[in-house]
Amino acid sequence: MPGEVLIAYATKYGSTVEVAEAIAKTLERAGIATDLRDARSVGDLRGYHAVVFGAPLYNARMLRAGRRFLARHHRELAGMPVAVFALGPLGTSEEERATTQKQFDRSLAHRSEIRPLSTALFGGVIDQSKLRFPDKLASPLRPLFPFTDVRDWDAIEAWATGLVDALSLRKQN
Ligand SMILES: Cc1cc2nc3c(=O)[nH]c(=O)nc-3n(C[C@H](O)[C@H](O)[C@H](O)COP(=O)(O)O)c2cc1C
């Protein structure tokens, strides 16, 4: 039987954690054991069958805690089933998605030894009232919308469901 699946996330304001939690719940419902962790608290990857890793995009690249996770574990990740998701776009236009998709692709290209079996880019969240300095000044949607949440929970659940096959997580009988 495959071992546990690590679901590791990097986050600054919490929206990526909620997506990671939803992915964990979907996998758990499919009978797969998961271990949900802040990427900074992951020691080593021994004992995990596969890794699902998620991080938001900030200033055109992956959040630093996410980049550090990939840097710290790149050797292990290169030899195991991995899926990666990112949060980013705050609008739903094709143009915005294409721009952020490029940012995501570039972030992964820095670690080309890691070959994710599945990747996904999901819409993000911005709550102007919670932003701290200097994000308050740099916020991409300021001052248009005080609160935006374009996470597509159906798309997130569909992607998580697809991971069962993509990462070969089905129980062997
Ligand atoms: C200061 C700032 C810069 C951002 N820069 C980008 C960016 O370059 N590309 C992008 O796709 N999203 C960008 N975003 C959107 C975030 O990725 C989105 O808000 C995400 O949901 C944040 O995740 P978190 O709540 O887990 O920190 C930015 C958000 C902020 C506040």
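Start at 1 and go down the list; that is how both ligands and their atoms are numbered. The figures that follow rest on heavy atoms only: side chains count, while hydrogens, waters and symmetry mates do not.
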Colleague: Any nitrogen or oxygen of N59 lying under 3.5 Å from a nitrogen or oxygen in ligand 1? Just yes or no.
Modeller: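 N/O-N/O distance under 3.5 Å: yes.
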Colleague: Which residue and non-hydrogen atom of the protein lie closest to atom 15 (C) of ligand 1, and at what distance in Å?
Modeller: G88 O, 3.4 Å
Colleague: Show your reasoning for whether side chain to side chain contact (heavy atoms under 4.5 Å, CB included) applies to F85 and L121.
Modeller: CA-CA 6 Å; F85 68 93; L121 177 65; over 6 Å; no
Colleague: As a check for students: among Y58, Y9, F104, identify the option with a heavy atom nearest to atom 29 (C) of ligand 1.
Modeller: Y58
Colleague: Does L57 reach ligand 1 with a nitrogen or oxygen that is under 3.5 Å from one of the ligand's nitrogen or oxygen atoms?
Modeller: yes
Colleague: I need the atoms of ligand 1 closer than 4.0 Å to a non-hydrogen atom of K12, numbered in the order shown.
Modeller: 24 (P), 26 (O), 27 (O)
Colleague: Can the ring centroids of F69 and F53 be said to lie less than 6.0 angstrom from one another?
Modeller: yes
Colleague: Test your reading of the structure: does A10 have an N or O sitting under 3.5 Å from an N or O of ligand 1?
Modeller: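 Looking only at distances, the answer is no, because the N/O contact criterion of under 3.5 Å is not met.
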Colleague: Of the choices L87, L90, T100, which has the non-hydrogen atom that lies closest to atom 10 (C) of ligand 1?
Modeller: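 Among L87, L90, T100, the closest heavy atom to atom 10 (C) of ligand 1 belongs to T100.
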Colleague: Other residues, nucleotides and ligands only: do more than 12 of their heavy atoms fall within 6.0 Å of CD on E95?
Modeller: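 For E95, atom CD is not crowded (no more than 12 foreign heavy atoms under 6.0 Å).
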Colleague: What atoms in ligand 1 come closer than 4.0 Å to a heavy atom of S15?
Modeller: 20 (C), 21 (O), 22 (C), 23 (O), 24 (P), 25 (O), 26 (O)
Colleague: V17 versus ligand 1: do any nitrogen or oxygen atoms come within less than 3.5 Å of each other?
Modeller: no
Colleague: In terms of side-chain heavy atoms, does D35 have a donor or acceptor partner in Y48 at a distance below 3.5 Å?
Modeller: yes
Colleague: By number and element, which atoms of ligand 1 are closer than 4.0 Å to a non-hydrogen atom of I126?
Modeller: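 Those atoms are 31 (C).
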Colleague: Among protein heavy atoms, which lies nearest atom 9 (N) of ligand 1, and at what distance?
Modeller: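 I find the closest protein heavy atom is Q103 OE1, 2.8 Å.
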Colleague: Report, in ascending order of atom number, the atoms of ligand 1 lying under 4.0 Å from any heavy atom of P89.
Modeller: 11 (O)
Colleague: Kindly confirm or rule out an N or O of A60 lying under 3.5 angstrom from an N or O of ligand 1.
Modeller: yes
Colleague: To check your reading of the model: name the closest protein heavy atom to atom 18 (C) of ligand 1, its residue, and the distance in Å.
Modeller: V125 O, 3.5 Å
Colleague: Quick check on R67: does its CZ atom have over 12 non-hydrogen neighbours (other residues, nucleotides or ligands) under 6.0 Å away?
Modeller: yes
Colleague: Do E157 and T26 pair up side chain to side chain, a donor and an acceptor below 3.5 Å, judged on atom types alone?
Modeller: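 Distance-only check fails for E157 and T26.
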Colleague: Distance under 4.0 Å to a non-hydrogen atom of T16: what atoms of ligand 1 satisfy this?
Modeller: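 The atoms of ligand 1 under 4.0 Å from a heavy atom of T16 are 23 (O), 24 (P), 26 (O).
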Colleague: Tell me whether the count of non-hydrogen atoms from other residues, nucleotides or ligands lying under 6.0 Å of CZ in R64 goes above 12.
Modeller: no
Colleague: Please give me the minimum heavy-atom distance between E18 and R151, naming the atom from each residue.
Modeller: OE1-NH1, 2.6 Å
Colleague: Would one find more than 12 heavy atoms of other residues, nucleotides or ligands at under 6.0 Å from atom CZ of R61?
Modeller: no
Colleague: Strictly by modelled atom types, are Y58 and D135 linked by a side-chain donor-acceptor pair under 3.5 Å?
Modeller: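 Note: Y58 and D135 side chains miss the donor-acceptor criterion.
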Colleague: Just jot down the ligand 1 atoms closer than 4.0 angstrom to any heavy atom of G124, in number order.
Modeller: 21 (O)
